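A quick note: this is a predicted structure, and the numbers were derived from the prediction, not measured. In what follows, chains carry the letters A, B, and so on, assigned in the order in which the sequence lines appear, proteins first and then strands, with residues in each chain numbered from 1.
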There are 2 protein chains.
Amino acid sequence: MAGATTRQQIVDAADDLFYRQGYEATSFADISAAVKISRGNFYYHFKTKDEILDAVIDKRNSDRERLLAMWNETALDPRDRIECFIKIVITNQTKIMAYGCPVGTLTTELAKLDHPSKARANQIMTLFRSWLTRQFEELGCHHQADNHALHVLSWSQGVATLALSFRDEAFVVREVHQILEWLTGISSEAH
Amino acid sequence: MAGATTRQQIVDAADDLFYRQGYEATSFADISAAVKISRGNFYYHFKTKDEILDAVIDKRNSDRERLLAMWNETALDPRDRIECFIKIVITNQTKIMAYGCPVGTLTTELAKLDHPSKARANQIMTLFRSWLTRQFEELGCHHQADNHALHVLSWSQGVATLALSFRDEAFVVREVHQILEWLTGISSEAH
DNA sequence: GACAGTTTAGGACGATTGGCCTAATTGTTG
DNA sequence: CAACAATTAGGCCAATCGTCCTAAACTGTC
């Protein structure tokens, strides 16, 4: 299992390149150049490009699961957890202003390509949705929890898209403050 | 200038294909097949793929300008005009749930490709921004007009992204109602 | 040190890409 | 009808794509 390192390197490089350039625009040559291995070696670990995509989606999925699990532990209050989610657009601001949201942009690209793995990519979006829904439920918003989850998710996608388009830091900060105010309103309503 | 028809057909087909498949994923062969002309003929009207992209962006730009101008005439109240903008996510719901927002997805793709025309694509976003800003100004939101414009634009991009991801009609309708309530609040505040 | 399995390198494949050229066709005008 | 420009068709180009194969190098075991 010593090759796990090479495989890991490939997935890491592909993850990064798919994010920065897009899936379609990234070639085998790009990835193998990044990892500094031959394209032949490449084929030993992954038979097709789609296999790499699936591996990247798996990685992103587990990365996000780990992130959410961490927030579950570090933030005891569901409101604080939602705040963690909201503030990732600030935490990752530099990358978002350069390449957008990794989840949203991949989902959109695969949808346009009508790619077999588009449903798998959507799962990451669903992961966020379910997690947010649970937080809003714990906050006391029972029948509105999923709606609020979608609202926050939608908000984050919009901010990411415009951040990429206009590269306006102040806009991002302003939007975060606004949605946090909304969140406060929700919290007090639900009591 | 009889060839204007052919050129027009090419641009129309490219516009549609770039929207549905993405710019990178659309080949010369795809477009010429759609217009039913030879690839050679193609070259007569456009030297490079980038030239077609520029023509498509120009078309989209003028299409949107025409749309906004129409709203300027049909809707006398700036609030009604903003409402027109908000409701395009319902008007174009079917297409958005299949391919996302034409403006947002192209902007994102070109940004990732670091394409020379990405700034030109951004202009369409700026067109919306400026128009919305003007409407909010007429509504009485002087120093907040541009912020509100970005807010509505960001909102529409988020709704489009999630509509594509989850294909949930009810979500779109719900979000429209929410933002319209927000708009009502803004209108009364500004008086 | 021979052996078996794992991992790597490098190149070849058919297909497709964007770009380009030339010849034939069309349409217009003198 | 002749001459001309505008338009179209079809094929060629080098480069690159994803895919695949084989031989060499490495690894650990007996």
Got a list of protein N/O to nucleotides 21-27 of chain C N/O distances below 3.5 Å?
none

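- For Glu175(A), the side chain to side chain contact (heavy atoms under 4.5 Å, CB included) criterion is met by Trp155(A), Val159(A), Phe171(A), Gln178(A), His151(B), not counting sequence neighbours.
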Taking Watson-Crick and G-U wobble pairs with both distances under 3.5 Å, convert DNA chain D into its dot-bracket string, 5' to 3', dots for unpaired and | for cross-strand pairs.
||||||||||||||||||||||||||||||

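- Here Thr126(A) pairs with Ser130(A), Phe166(B) under the side chain to side chain contact (heavy atoms under 4.5 Å, CB included) rule; sequence neighbours left out.
- Contacts with DNA chain C (heavy atom under 4.0 Å) in residues 13-38 of chain A: Ile37(A), Ser38(A), listed by number.
- Under the side-chain hydrogen bond (donor to acceptor under 3.5 Å, both in side chains) criterion, Asn122(A) pairs with Ser165(B), not counting sequence neighbours.
- OP1 or OP2 of dT8(D) sits under 4.0 Å from a side-chain N or O of His45(B).
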Throw together a table of side-chain donor-acceptor distances under 3.5 angstrom for residues 84-92 of chain A, partners on residues two or more places apart or in other chains.
from, atom 1, to, atom 2, distance (Å)
Lys87(A), NZ, Glu83(A), OE2, 3.1
Thr91(A), OG1, Lys87(A), O, 3.0

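- The side chain to side chain contact (heavy atoms under 4.5 Å, CB included) search around Lys59(B) returns Val11(B), Asp12(B), Asp15(B), Asp63(B), not counting sequence neighbours.
- Take Arg81(B) and apply the salt bridge (Lys or Arg N to Asp or Glu O under 4.0 Å) test, not counting sequence neighbours, and it matches Glu138(B).
- For His148(B), the ring pair (Phe, Tyr, Trp, His ring centres under 6.0 Å) partners two or more places apart in sequence, or in a different chain, are Phe136(B), Trp182(B).
- Asp50(A) is linked by a salt bridge (Lys or Arg N to Asp or Glu O under 4.0 Å) to nothing, counting only residues two or more places apart in sequence or in another chain.
- Take Arg120(A) and apply the side chain to side chain contact (heavy atoms under 4.5 Å, CB included) test, not counting sequence neighbours, and it matches Asp54(A), Ile57(A), Asp58(A), Ser117(A), Gln123(A).
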